[in-house]
**Student:** 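Handing you a structure now.
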Amino acid sequence: MGIQGLLQFIKPLLKEKHISEYQGERLAVDSYCWLHKAVYSCGRDLATGKPTRSYLLIRHINYVVKKAVDLKNMGIQLVMVFDGAPMPCKENTEEERRQTRSESLKKAEELEKLGNIKEAERYYTRAVDVTPSLAKEVIEELQKYNIECIVAPYEADAQLAYLCKIGYVSGVISEDSDLIVFQSTKVLYKLENNGYVKELKLDDLWNHPNYNMKKWTHDQFVLMCVLAGCDYLKSVKSIGLKTAYKYVSQHGELRQIISKLKRDIGKVPIDYEEQFLKALYSFKYHKVFCPLKGQMVNLNPIPEDIEMTDLSFLGETLSQDVILGIARGRLNPFTKQPFCEQNLKRKIDEIFQPLSKPSGIKKVKVEEEIKSLAQQIRFERKTQRSKYFDKGEGPQDGNTENPQEDFIDKKPFPIIAEILNPFKPPFANQNAIEKTGPLDFLQNLSFRKISLTTIFSESTN
DNA sequence: TCTGTGTTCACAT
DNA sequence: TGAACACAGA
Ligand SMILES: [Mn+2]
């Protein structure tokens, strides 16, 4: 997934940083990275849908929310971005994943029956499907903390890059090499719990110590990546990043490269050029949500004289109502329908309440848990989202015709105002320090005393 | 030296 | 959602 070997390729360009250096900035988070890690803490319960402990039904939410709130408390503003519908051309990949998930589930259930709980657990974690509904549960929780969430219409990668492009955020937290291909200006890779992170600035790409790309355009870089194999198109046999680099260095342009490729290697698929163009376009013109206009746009504007006229492979164009509903977590990005899952609290209630009746002890425990769920601490009610954001989202927020245009004229990009007038965390020099969540880098910094979100702590059971 | 493939990992006690 | 690593073969 991503571009095989790209992160290794750009490794010399990564700069070791500490997350505290981004205080005052606004960063977008590739939330599925966190979510996928998070579900490892409660694989069986999510995979089977038959939780053994109620807190195991929400531990993954806790993981993501805690991480986000911790960053927010450091004075980093966050935009949590979630994946939407899969691109049509990735359907086979998705099918494979569905396959392995269901196989893993079977295997896990067998192992569990045999009493091999430990091994079963391993397979259960592989069986978990991270669905929009799961994401929705996280989003609902994040929104309680006034953390902005955006569900992309398609891939989060493109959405994150777009937010960079319009200056809505100054960088992205991710693990995915595709972010570079999508032209994100700054990507923070490998955020550790101690706060260290590896930063890539897109501008540095052209000064690679081992590969001369000084005169390259970004399009040429994308060319290299697609040549080496990407999610949208497998590479021709024996072409990896290194040889792709040579081809682009020597020929520079798509048609020439492909004809040279055909001369060098016989086995080039007949429709390779067409597929190649589609892959390039999928990177360049991916459909995303614009939070300023409240509309669906392409990552880059489609030129008048574009070669390929049928762009349906980019996915359908959604109406403003639908894209807004998806982006803000009201509609399922797969079905475009409202989420029909019942409220999480009620779900927990329903599953555990009957079980608890015979045993008085258990019932008390469950009630405590639900009470604790209901009492999630809210803090910092002061809104960080300016009115402009809401205005930008059009009629839904009480605006009538054409709200986005006059909005943009008045205040181009909210973030720019905030760069000029950086957000000063209110706790900058206050003395109260509290040890908080799992991110130990918090411990060495000065923080306002704050109650962190712990929906359930491990000690409840 | 480079690429393709298979395996393991991500949580947290 | 993804990457790292090891190893075999061209
Ligand atoms: Mn990707």
**Student:** Is the phosphate of C:dA3 approached by A:S177 (side-chain N or O, under 4.0 Å from OP1 or OP2)?
**Tutor:** yes
**Student:** Among B:dG4, B:dC2, C:dG2, which nucleotide sits nearest the side chain of A:D176?
**Tutor:** C:dG2
**Student:** Ring of A:F339, cation from A:R330 - is the NZ or CZ under 6.0 Å from the centre and inside 45° of the axis?
**Tutor:** no
**Student:** Starting at CG of A:L261 and ending at P of B:dT3, how long is that distance when rounded to a whole Å?
**Tutor:** 13 Å
**Student:** Report yes or no: is the cationic atom of A:R59 (NZ for Lys, CZ for Arg) closer than 6.0 Å to the six-membered ring centre of A:Y55, at no more than 45° off its axis?
**Tutor:** no
**Student:** Taking atom types as modelled and ignoring hydrogens, do the side chains of A:E199 and A:Y22 form a donor-acceptor contact shorter than 3.5 angstrom?
**Tutor:** yes
**Student:** Do we see a donor-acceptor contact under 3.5 Å between the side chains of A:D176 and A:Y189?
**Tutor:** no
**Student:** Remember a base hit wins even if backbone is also touched, and classify A:L35 as base, sugar-phosphate or nothing at under 4.0 Å, heavy atoms.
**Tutor:** nothing
**Student:** Can you name the atoms? Protein N/O to nucleotides 7-11 of chain B N/O, anything below 3.5 Å, with the distance.
**Tutor:**
{"residue": "B:dA10", "atom": "N7", "partner": "A:Y40", "partner atom": "OH", "Å": "2.8"}
{"residue": "B:dA10", "atom": "N6", "partner": "A:Y40", "partner atom": "OH", "Å": "3.3"}
{"residue": "B:dC11", "atom": "OP1", "partner": "A:Y63", "partner atom": "OH", "Å": "3.4"}
{"residue": "B:dC11", "atom": "O4'", "partner": "A:K37", "partner atom": "O", "Å": "3.3"}
{"residue": "B:dC11", "atom": "O2", "partner": "A:Y40", "partner atom": "O", "Å": "2.6"}

**Student:** Figure out the NZ/C1' separation between A:K198 and C:dA3, and round it to whole Å.
**Tutor:** 13 Å
**Student:** Just wondering, do A:L318 and A:K336 contact through their side chains at under 4.5 Å, heavy atoms?
**Tutor:** yes
**Student:** Is B:dA12 paired to anything, Watson-Crick or G-U wobble with both distances less than 3.5 Å, and if yes, which nucleotide?
**Tutor:** none
**Student:** Tell me: CG of A:L227 to P of B:dT3, nearest whole Å?
**Tutor:** 11 Å
**Student:** Would you kindly give the NZ-to-P distance between A:K190 and C:dA3, to the nearest whole Å?
**Tutor:** 8 Å
**Student:** Does a side chain donor of either A:N332 or A:K136 reach within less than 3.5 Å of an acceptor in the other side chain?
**Tutor:** no
**Student:** C:dG2 P sits how many Å from A:Y32 OH, rounded?
**Tutor:** 11 Å
**Student:** Write down the distance between CD1 (A:I239) and C1' (B:dT1), rounded to a whole number of angstrom.
**Tutor:** 14 Å
**Student:** Counting only side-chain N and O atoms of A:T243, is one of them less than 4.0 Å from OP1 or OP2 of B:dT3?
**Tutor:** yes
**Student:** Tell me what A:E94 touches on the nucleic acid: a base, only sugar-phosphate, or nothing, going by heavy atoms under 4.0 Å.
**Tutor:** sugar-phosphate
**Student:** Roughly how many Å is it from CG in A:L241 to P in B:dC2, rounded to a whole number?
**Tutor:** 11 Å
**Student:** Please state whether the rings of A:Y211 and A:H208 are parallel, tilted or perpendicular, taking 30° and 60° as the class boundaries.
**Tutor:** perpendicular
**Student:** Do the side-chain N or O atoms of A:Q4 get closer than 4.0 angstrom to the phosphate oxygens (OP1, OP2) of B:dG4?
**Tutor:** no
**Student:** Answer with base, sugar-phosphate or nothing: what part of the nucleic acid does A:D30 contact at a heavy-atom distance below 4.0 Å?
**Tutor:** nothing
**Student:** For A:L6 and C:dA4, give me the distance from atom CG to atom C1', rounded to whole Å.
**Tutor:** 15 Å
**Student:** I want to check one thing: is the phosphate of B:dT5, taken as OP1 and OP2, less than 4.0 Å away from some side-chain N or O of A:K237?
**Tutor:** yes
